[in-house]
Amino acid sequence: MEKVLVTGGSGFIGLHCIQQLLDQGYDVRCTVRSESKKQEIVDSMMKNSSNANNLEVVMADLLKDEGWNEAVSGCEYVLHVASPFILEVPSDENVLIKPAVEGTLRVLNACKNNKVKKVVLTSSVAAVAYGHKEEKIYDENDWSDTGPGITPYAKSKTLAEKAAWDFVNELTAEDKFELTVINPVAVTGPMLTNDIGTSNELLLKLAGGQMPACPRTHMGFIDVRDVAKAHIFSMKSEKTNGERIIVSEKEMFFVEMSRALNDAGFKKAPKRETAYFLVHDVLIHQRIKWCCRQPWQKGYN
Ligand code: NDP
């Protein structure tokens, strides 16, 4: 059976990719950057997949050269999911940008050296629709503006994705492999380990009443299982070669999310809606600035 490398095997999305690949009969290798995560992934797959024996876990860090050639060796496909994803806005943006950009290039170089058929890269809608001043509908033809005002996370995703396309476009015919990029909105859904995941944490904060009121702004959402499905579909479908694909199920205002949480029994979720700027400081304090739109974007006031 064909072998697939999933980078970032310990992550929220990575784990779902691994589970679905195993269930579809693929041999799967995944990377982690610490020994402690190895057993966690194996335990999760023993519980969640009947093909856990077809999983191999290897070590590789996006900030280091070691391990990447060995990780990619023998794989037909690579799902490059790993990238630092944190709610905090770090004082040094390179904490996010360096592993995102240099790590992507390390992975792609190893793919070139090992003649993989295709790479699917997990980018983000943060590489499409952020940092813009113009109010319009943004799509896969657009790139976030990495000038002043963009968050370090959105910048890291934009620069990493651009670096990937540049890398692939400059390959010689002999070295060529295909690339598809998936650009998800906020990803939520069931976890496959005890780690709640960065994006689910936002809903946890809303459900737990850590926001005094709902900012009058909105976000796109998609289920993590659909994101994994999109990666595997793109891996196999030639029609997606060379494409960026935004994946989003629905757009919701915070107050709609909060109502849904209330209906589900989370009575601390705020029912009141307020202008964004009134809860801005609280959002910063709660470390959830990354997901909120810029003041000039629709839905913000
Ligand atoms: P997680 O934080 O759960 O997963 C991130 C993964 O990247 C982890 O496996 C982490 O390893 C790994 N990683 C981080 N830094 C390094 C490094 N220096 N070297 C090797 N591995 C590293 O996040 P998600 O699963 O939610 O996100 C996965 C991808 O999806 C990211 O690229 C993110 O930008 C993108 N994305 C996520 C969205 C979301 O809402 N969740 C929305 C849009 C895009 P470790 O466990 O050791 O920290």
Side-chain angles (χ1 to χ4, degrees), residues 5-19 30-41 44 57-68 71 78-88 90 94-107 110 119-130 144 151-161 163-164 181-204 219-228 230-231 244-249 288 290-292:
L5 175 73
V6 180
T7 70
S10 54
F12 177 47
I13 297 174
L15 281 159
H16 279 273
C17 291
I18 295 169
Q19 183 204 25
C30 74
T31 63
V32 290
R33 57 174 167 163
S34 59
E35 283 289 345
S36 61
K37 296 276 169 103
K38 273 191 180 178
Q39 197 55 43
E40 216 177 280
I41 299 174
S44 167
V57 188
V58 298
M59 296 273 285
D61 188 319
L62 294 171
L63 289 166
K64 296 178 187 154
D65 289 333
E66 301 86 68
W68 288 111
V78 173
L79 309 187
H80 177 37
V81 186
S83 203
F85 183 32
I86 52 172
L87 290 181
E88 294 92 342
N94 282 314
V95 169
L96 292 166
I97 293 172
K98 220 168 132 62
V101 176
E102 292 179 12
T104 296
L105 294 175
R106 283 192 173 94
V107 172
V119 174
V120 180
L121 168 74
T122 320
S123 183
S124 168
V125 81
V128 174
Y130 282 54
S144 291
T151 61
Y153 172 70
K155 191 169 176 181
S156 77
K157 296 307 288 180
T158 310
L159 296 179
E161 192 195 325
V181 172
I182 305 293
N183 302 77
V185 291
V187 182
T188 59
M191 310 100 70
L192 295 178
T193 62
N194 290 333
D195 186 351
I196 185 162
T198 303
S199 40
N200 274 336
E201 208 182 320
L202 169 72
L203 290 184
L204 190 69
M219 289 175 75
F221 285 97
I222 182 144
D223 190 295
V224 65
R225 292 160 290 194
D226 291 331
V227 175
H231 280 72
R244 309 173 81 201
I245 303 170
I246 294 174
V247 289
S248 175
E249 188 192 331
I288 53 179
W290 67 275
C291 61
C292 295

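When a ligand or atom number is given, it counts from 1 through the structure's own listing order.
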Please check this pair: side chain of [X] against backbone of [Y], looking for a donor-acceptor N/O pair closer than 3.5 Å.
X    : Y    : answer
K157 : T122 : yes
H16  : D226 : no
S10  : V32  : no
S124 : N183 : no
N200 : G189 : yes
S44  : T193 : no
R106 : L62  : yes
S144 : A129 : yes
T188 : D223 : no

Quick one: which of [options] has a heavy atom closest to [atom]?
atom                    : options         : value
atom 17 (C) of ligand 1 : D61, I222, T188 : D61
atom 34 (O) of ligand 1 : F85, F12, Y153  : Y153
atom 7 (O) of ligand 1  : G11, S83, G67   : S83

With only distance considered, is [X] within less than 3.5 Å of ligand 1 through an N or O on each side?
X    : answer
P99  : no
V187 : yes
P184 : no
A82  : no
R33  : yes
S34  : no
L63  : no
V125 : no

Just checking K98: does its NZ atom have more than 12 heavy atoms from other residues, nucleotides or ligands closer to it than 6.0 angstrom?
no
For K157, the atoms of ligand 1 under 4.0 Å from one of its heavy atoms are 31 (C), 32 (O), 33 (C), 34 (O)
T122 heavy atoms, cut-off 4.0 Å: which ligand 1 atoms fall inside?
29 (C), 30 (O), 32 (O), 35 (C)
Taking only non-hydrogen atoms of [X], do any sit less than 4.0 angstrom from ligand 1?
X    : result
S123 : yes
G103 : no
N183 : no

